[in-house]
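Ligands are counted one by one from 1 in listed order, and the atoms in each one are counted from 1 as well.
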Amino acid sequence: MLNLKTDEEIGLLKESNMLVSRTLAIVAEHIRPGVTTLYLDKIAESFIRDNGGIPAFKGYGGFPGTLCTSVNDEVVHGIPSDYVLKSGDIVSVDCGVILNGWYGDSAYTFAVGSVGDELRRLLDFTRASLEEGVRAAIAGNRIGDISFAVQSKAESGGYSVVRELVGHGIGRRLHEPPEVPNFGKRGTGPKMEKGLVICIEPMINMGRKETVQMRDGWTIRTLDGKPSAHFEYAIAVNKGKADVLTTFEFIEEVLNKI
Ligand code: MG
Ligand code: MG
């Protein structure tokens, strides 16, 4: 059975996810060549706490950071560190909060300084694959319809889809059923209903799909060492268009000013 949320609960989830969106915009203001990922982490943690939230990832399974910061060939779950970002890097910043007992979770992959056209294209396709997934998230459709939409868009660009990590339901827990894979067949998986709240989060590789976990016990990298991108929204399923509980608008306001 899927855990469906009332309109009131979705309102609370939206507040949590808006705090995540605003946190990612604060991070956007500070991303530039020369800053460390740990510095971004500290800024995010202060902002979340100043706004009455709790960093959701910190301590989750022992994870040490407020953010997951995954650079270049790191796919997800990178640990904020003294790594100094340099022009030409891409960095996926994944952020989770708890606000009033409800979770928010979103990720955006940033270009640091000036990045090459090949990387820009990877970012554009990954973002577009997320948007295609959202379009398929309609009551009456199945989870596999989202999976198929994401995979089709990513592979149409010549990219590959990470298999080992998937999207998820979200609510009073960070990860709830159902799993939301970024690959799959149309018409398969659980049927979606109004009130289902899920995170769609394509992890798309420039090269091959295989990944490997680093010895730190967290960081997932591409096996072939080629770059990977990651974007994530939390959405509430509706009879028509899904209600996107996260927004990248705050990030884009910042990036457009730079
Ligand atoms: Mg996330
Ligand atoms: Mg997630």
Side-chain angles (χ1 to χ4, degrees), residues 2-3 5 10 13-28 37 40-41 44-45 47-48 53-71 74-80 90-99 102-110 123 126-127 129-131 133-134 137 143 146-147 150 161-183 196-204 211 213 218-220 228-237 242 244-248 250-251:
L2 296 177
N3 181 358
K5 274 76 179 180
I10 289 170
L13 278 161
K14 186 150 194 164
E15 284 181 31
S16 305
N17 279 285
M18 282 299 139
L19 178 54
V20 174
S21 301
R22 286 162 57 215
T23 306
L24 288 175
I26 296 293
V27 170
T37 51
L40 300 176
D41 192 77
E45 179 171 3
F47 184 79
I48 292 166
I54 300 165
F57 297 168
K58 201 163 185 142
Y60 188 92
F63 189 79
T66 289
L67 304 174
C68 296
T69 53
S70 308
V71 181
E74 295 172 354
V75 179
V76 285
H77 301 167
I79 300 173
I90 57 170
V91 56
S92 149
V93 179
D94 196 346
C95 179
V97 308
I98 312 166
L99 185 66
W102 295 88
Y103 279 83
D105 183 13
S106 177
Y108 191 94
T109 302
F110 295 91
L123 299 183
T126 305
R127 171 79 184 274
S129 73
L130 169 59
E131 304 289 353
V134 172
I143 293 291
I146 299 175
S147 308
V150 171
V161 176
V162 170
R163 302 298 204 264
E164 293 87 348
L165 298 135
V166 296
H168 50 92
I170 187 168
R172 284 191 176 277
R173 286 173 296 148
L174 179 58
H175 297 120
E176 295 184 354
E179 290 195 340
V180 184
N182 298 302
F183 60 96
L196 178 67
V197 179
I198 52 174
C199 289
I200 306 177
E201 49 177 317
M203 290 151 257
I204 306 300
T211 62
Q213 187 174 45
W218 284 103
T219 313
I220 307 290
S228 183
H230 175 217
F231 289 83
E232 175 178 22
Y233 279 146
I235 63 151
V237 173
V244 182
L245 305 180
T246 328
T247 180
F248 296 148
F250 306 140
I251 294 173

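- Within the cation-pi definition used here (under 6.0 Å to the ring centroid, within 45° of the axis), Arg163 qualifies as a partner of Phe183.
- Around the CD atom of Glu131, the shell of radius 6.0 Å holds more than 12 heavy atoms that belong to other residues, nucleotides or ligands.
- Counting heavy atoms from C-beta outward, Ile198 and Ile146 have side chains that approach closer than 4.5 Å.
- Nearby protein atoms of type N, O or S around the Mg ion (ligand 1) amount to 4 (distance under 2.8 Å).
- Side-chain contact between Val71 and Val91 is present, with at least one heavy-atom pair separated by less than 4.5 Å.
- Taking the N/O/S atoms of His168 in turn, the shortest distance to the Mg ion (ligand 2) belongs to NE2.
- Across Thr247, Leu245, Val244, a single residue satisfies side chain to side chain contact (heavy atoms under 4.5 Å, CB included) together with Ser21, and that is Thr247.
- Applying the ring-ring contact (aromatic ring centres under 6.0 Å, His included) rule to Phe63 yields the partners Trp218; only residues at least two apart in sequence or on another chain are considered.
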